[in-house]
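Sequence lines set the chain letters: A, B, ... in the order given, protein chains first and strands last, and positions in each chain run from 1.
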There are 2 protein chains.
Amino acid sequence: MEIGQRAGSGRKRMSRAEREQQILGIAEEVFAERGYQAAAMDDIAQRVGLSKPMLYEYFGSKEGLLLACLERAKRELLECTSAAAAHAESPEQLLHDGLLAFFRFGEDHKQSWALLRNESAVPGMELDTELEGIRRQQVGFTSDMLRMSLPETDEYRLEAFAEAIIGACERMALWRENHPEVTPETATEHLMALIGPSLSGEARSFS
Amino acid sequence: MEIGQRAGSGRKRMSRAEREQQILGIAEEVFAERGYQAAAMDDIAQRVGLSKPMLYEYFGSKEGLLLACLERAKRELLECTSAAAAHAESPEQLLHDGLLAFFRFGEDHKQSWALLRNESAVPGMELDTELEGIRRQQVGFTSDMLRMSLPETDEYRLEAFAEAIIGACERMALWRENHPEVTPETATEHLMALIGPSLSGEARSFS
DNA sequence: GCAAGTAACCTACTCGTAGTAACCTACTGA
DNA sequence: TCAGTAGGTTACTACGAGTAGGTTACTTGC
């Protein structure tokens, strides 16, 4: 069957961990700039300077590769926001700093953000366990911040609030893309104006 | 080249408009149950009882077909919410009724909702003009509701609030899928508790 | 009633890309 | 020095989006 075999001759061999990180970086780049569908595995492999089957060896499938990228990006985002909120001095400022860090993340890590904003472009089930775990962490982290402001509130409502706030953030981040004049500071200020009042004082009940 | 040609013999011919609606219905079904990627044009065509090229004749591409489905679903959603809000008697109730209608939509139109919740699964640019137009309408409609509660507020902030609230709704609707015990009424109550306070009285400013 | 025109529809392809089988080679350590 | 293995390859298959080019059935003017 005449199989040629000179291709890898001059190339550098890397350890699994090294390659994994290198691939993730390049894949994030390609996914971010072309979108999930249009990004071809062959293309990614070529940019890495490797052949396609290696990508499958490392990540199992195209979806698996995307998932790994998303996971890394999400973790980064979570780290940014929680780090920023670490030195807050009041519950209110805690939330404020977290929001601000979130909006700044989009500007400081354009590539990761481009990936995350299209997250749902992942094809089949987004019920990936690993990813869901990080999502839970986000919600948990947000709930924790809220608990400072609303100590008497039941957990269920806290979680609902957390989901709502995360959703609001995501959508506002998207909105900001069409309105470059809206700075992270302004966006944060708007959001604080919307949800701030309910956090200072008892949340009222409408039934 | 021996081209066969008995396939359409017993089938009904339909006018363009008729077929279009029929195709949209079935495509929505297939997209909703399998997701965008996994849905095959051949499969949709077969269920319609038509051959694939006709789908391309009518909608240009797979993405075009999805877009048409989304458009219809979004219009339905907008109609539901605006109809529900029509008989409200106070600004507060206006918002309440709109939110409630939104959450109920997910239960009453499961199929359309399944489509909308995966909206971003549309591959390339989601900058489709038609779709963007409907999105603007949603934001506009929400802004209008808010304007009743916050007559003195500048338009920019109203739009920001609208985007944030829509985002919060979407995310809470997703959250509800993992928590079937949360009724539309409860979800609405949570959201009203979160954003209600800032709508009654002057929105404060954090700087 | 019968062309001529057109709207609706078909079969049979091409082509790109995800994923796989089967094989190779450089480095490691006993 | 050579067995074992981690890292790598080429050359496929499978499948689905999109297309070229032809056919059937309905409509309309004469």
Engineer: NA contact type, A:Ala39, heavy-atom cut-off 4.0 Å: base, sugar-phosphate, or nothing?
Structural biologist: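 Result for A:Ala39 = sugar-phosphate.
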Engineer: What's B:Ala38 touching, base or sugar-phosphate or nothing? Going by heavy atoms closer than 4.0 Å.
Structural biologist: nothing
Engineer: D:dG7 C1' sits how many Å from A:Glu20 CD, rounded?
Structural biologist: 13 Å
Engineer: Side chains of B:Glu28 and B:Ser112: is there a donor and an acceptor less than 3.5 Å apart?
Structural biologist: yes
Engineer: Taking CG from A:Leu50 and C1' from D:dT10, how many angstroms apart are they, rounded to a whole number?
Structural biologist: 14 Å
Engineer: Which nucleotide wins on minimum distance to the side chain of B:Tyr56, given the candidates D:dT10, D:dT19, C:dT11?
Structural biologist: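 Side chain of B:Tyr56 sits closest to D:dT19.
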Engineer: Does the side chain of A:Gln22 come under 3.5 Å of the side chain of A:Arg19 through a donor N or O and an acceptor N or O?
Structural biologist: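 Side-chain D/A pair, A:Gln22 to A:Arg19: present.
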Engineer: Rounding to an integer number of Å, can you tell me how far B:Gln37 CD sits from C:dA18 C1'?
Structural biologist: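 The distance from CD of B:Gln37 to C1' of C:dA18 comes to 10 Å, rounded to the nearest Å.
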Engineer: What is the distance from CE of A:Met54 to P of C:dA18, rounded to the nearest Å?
Structural biologist: 18 Å
Engineer: Give the rounded distance in Å between these two atoms: CD of B:Glu57 and P of C:dA7.
Structural biologist: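 So the CD-P distance, B:Glu57 to C:dA7, works out to 10 Å.
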Engineer: Check the distance between D:dG7's P and A:Leu55's CG and give it to me in whole angstrom.
Structural biologist: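 Distance, rounded to whole Å: 14 Å.
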Engineer: Salt-bridge test for B:Glu185 and B:Arg104: reply yes if a basic N is under 4.0 Å from a carboxylate O, no otherwise.
Structural biologist: yes
Engineer: Going by the angle between their ring planes, with limits at 30° and 60°, are B:His109 and B:Phe105 parallel, tilted or perpendicular?
Structural biologist: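 It falls in the parallel class, under 30°.
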Engineer: Taking the nucleotide of DNA chain C with the closest heavy atom to each, which residue, B:Pro53 or B:Ala17, is nearer the 5' end?
Structural biologist: B:Ala17
Engineer: How many Å lie between NZ on A:Lys52 and P on C:dA21, as a whole number?
Structural biologist: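 Whole-Å distance recorded here is 13 Å.
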Engineer: Using only side-chain N and O atoms of A:Arg19, determine if any of them is under 4.0 Å from OP1 or OP2 of D:dG8.
Structural biologist: yes
Engineer: When you get a sec, tell me which of C:dG19, C:dA7, D:dT9 is the closest nucleotide to the side chain of A:Ser61?
Structural biologist: C:dG19
Engineer: So that I can tick it off, tell me whether A:Arg157 and B:Glu189 are bridged by a salt bridge, with the cut-off set at under 4.0 angstrom between side-chain N and carboxylate O.
Structural biologist: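 Yes, B:Glu189 and A:Arg157 are salt-bridged.
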Engineer: Taking only side-chain N and O atoms of A:Tyr58, does any of them lie within less than 4.0 angstrom of OP1 or OP2 on D:dG8?
Structural biologist: yes
Engineer: For C:dA8, does OP1 or OP2 lie under 4.0 Å from any side-chain N or O of B:Arg16?
Structural biologist: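 So the side-chain polar atoms of B:Arg16 do come within 4.0 Å of the phosphate oxygens OP1 or OP2 of C:dA8, strictly under.
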Engineer: Starting at NZ of A:Lys62 and ending at C1' of C:dG16, how long is that distance when rounded to a whole Å?
Structural biologist: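 After rounding, the reported distance stands at 11 Å.
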